[in-house]
Amino acid sequence: MQVGSKYYESLWFDENDPGEVKVIDQQRLPWEFQIVVLENVEEVYLAIREMTVRGAPVIGVLAAFGMYLNAYNHADDPQLQERLDHAAEYLISSRPTAVNLAHAVREQQKVYYALSDLAAIPAALLKRALEMLEAEKVACRRIGEYGYALIRELSENKKGKPVNILTHCNAGWLATIDYGTALAPVYEAHIQGIPVHVWVDETRPRNQGARLTMWELEQAGVPCTLVADNVGGHLMQHGMVDIVLVGSDHTTQMGDTANKIGTYLKALAAQDNHIPFFVALPFSTIDMALQDGITDIEIEQRAARELIEMEGMMGSQLKKVNIVPPETPVVNYVFDVTPARLITGLITEKGICEASEKGIDSLLEQ
Ligand code: MRU
């Protein structure tokens, strides 16, 4: 995506610097646009854990590069496979809900388990990581094309008046490699000249909507308005939302979907107001091993300080202040599960389907 005069992806590898991968620091946006260089698996782990890089598809690809960097940095280790096994579990432990992470790491394990020549492992892991990066881009572009058809239809029904889209968290290009999942159809509609307007939930406690989605949409020139987290229901009751588009961190075989905390409440409000609620996701986010999202998906809990503190710009410095006393008892669940019955459909790179085992299978059979 264009940032000022330059095109960026959220993560990239330069073959002239084979010992590093570069990412955009999502903790500094929208205040500062900074690039961070990651050189080893520990730095990759921390970038994911501390959310310098966040969003299910991109952390999967980054973890794949983390496996490569570990092999590249320890290419002479006679115990390289054991070392990589250790790195795999370490990376997977960085964030438990986003399934792309575990998928990507397990894919890399298949690569080195299949090789008896240890010297061939770094190059093979790099090749696979680059393939995953390309595949995510292609998937998001297709999600954009399929989702665009839904927005075009709404626009036709509204006789060209702006289509109002509500989104939660950040499921744009920062969270993927390029385009996004939930935002890909929005970008496509905007490029095709369809008038759209996006309501952006702030997405407490880390404010990915306020800080990242607003920044992305403004960079792309898409009309958007920030709203507090719980405004969505009110907007829906007053006919101000035509469609809800969100991403996914983990979708089960039945279509149940874990996404940023608060997504479930938007789905309930959407159903009550007869508003279509779509989840946009690549197949790399679907976990065919799980059935019931509520019982089977592990929900990440993060540090209490994310709720106790608030971060913002003071003068020219990014500062944190306590918004409640530091000893306040806190629980910080960061994802929730929206049952498939509340989801109008899944927008994937293979097409749009019902959020159900039958729907997902129908796309897989194609
Ligand atoms: O905690 P985060 O910021 O990693 O959560 C991200 C989300 O919930 C996104 O909606 C999800 O990863 C889909 S991204 C295309």
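In each ligand, atom 1 is the first atom listed, and ligand 1 is the first ligand listed.
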Numbering the atoms of ligand 1 from 1, which are under 4.0 Å from a heavy atom of [X]?
{"X": "Phe335", "value": "1 (O), 5 (O), 8 (O)"}
{"X": "Gln208", "value": "1 (O), 2 (P), 3 (O)"}
{"X": "Ala171", "value": "14 (S), 15 (C)"}
{"X": "Arg95", "value": "1 (O), 2 (P), 4 (O)"}
{"X": "Thr176", "value": "15 (C)"}
{"X": "Met51", "value": "1 (O), 2 (P), 3 (O)"}

Look only at interatomic distance and state if [X] has a nitrogen or oxygen under 3.5 Å from any nitrogen or oxygen of ligand 1.
{"X": "Gly55", "value": "yes"}
{"X": "Arg54", "value": "yes"}
{"X": "Thr181", "value": "no"}
{"X": "Asn259", "value": "yes"}
{"X": "Gly172", "value": "no"}

Any [X] heavy atom less than 4.0 Å to ligand 1:
{"X": "Glu300", "result": "no"}
{"X": "Arg206", "result": "no"}
{"X": "Thr203", "result": "no"}

salt_bridge([X], [Y]) N-O dist < 4.0 Å:
{"X": "Glu9", "Y": "Lys137", "value": "yes"}
{"X": "Asp249", "Y": "Arg95", "value": "no"}
{"X": "Glu311", "Y": "Arg211", "value": "yes"}
{"X": "Arg128", "Y": "Glu107", "value": "yes"}
{"X": "Glu300", "Y": "Arg302", "value": "yes"}
{"X": "Glu156", "Y": "Lys158", "value": "no"}

Handout entry: Proximity of Ala56 to ligand 1 by residue part, where a heavy atom lies under 4.0 Å
Key =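 Contact part for Ala56 vs ligand 1: both backbone and side chain.
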
Handout entry: For ligand 1, the portion of Ala98 having any non-hydrogen atom under 4.0 Å away
Key =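 Neither part.
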
Practice task
Name the closest protein heavy atom to atom 11 (C) of ligand 1, giving the residue it belongs to and the distance to 0.1 Å.
Solution key: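 Protein heavy atom with the smallest distance to atom 11 (C) of ligand 1: Asp249 OD1, 3.0 Å.
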
Practice task
Identify, for atom 14 (S) of ligand 1, the protein heavy atom at the shortest distance, and state residue, atom and that distance.
Solution key: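 Of the protein heavy atoms, Ala175 CB, 3.6 Å lies nearest.
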
Exercise for the section: Answer yes if Leu133 and Trp12 sit in the same cluster of Ile, Leu, Val, Met, Phe, Trp and Tyr residues linked by side chain heavy atoms under 4.5 Å apart, and no otherwise. Expected result: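 No, Leu133 and Trp12 fall in different hydrophobic clusters.
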
Practice task
Examine Met313 and Leu212 and state if one hydrophobic cluster contains both, with Ile, Leu, Val, Met, Phe, Trp and Tyr joined whenever side-chain heavy atoms are less than 4.5 Å apart.
Solution key: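 No: no chain of side-chain contacts under 4.5 Å links Met313 to Leu212.
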
Exercise for the section: Run the ring-centre check on Phe33 versus Tyr8 and record whether the distance is less than 6.0 Å. Expected result: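 Ring centroids of Phe33 and Tyr8 are less than 6.0 Å from each other.
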
Practice task
Assess the pair Tyr90 and Tyr45: is the distance between their ring centroids shorter than 6.0 Å?
Solution key: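 Distance test on ring centres: under 6.0 Å, yes.
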
Exercise for the section: Kindly identify the option in Glu136, Gln26, Lys260 whose heavy atom sits closest to atom 5 (O) of ligand 1. Expected result: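 Residue with the shortest heavy-atom distance to the ligand atom: Lys260.
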
Exercise for the section: Check Arg28, Gln27, Gln26, Glu43 against Thr52 for a side chain to side chain donor-acceptor pair (under 3.5 Å) and give me the one that passes. Expected result: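 Running side chain to side chain donor-acceptor pair (under 3.5 Å) over Arg28, Gln27, Gln26, Glu43 with Thr52 returns exactly one hit, Gln27.
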
Problem - Ring-face cation contact, Phe283 with Lys350, 6.0 Å cut, 45° max - result: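 Ring-cation test returns yes.
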
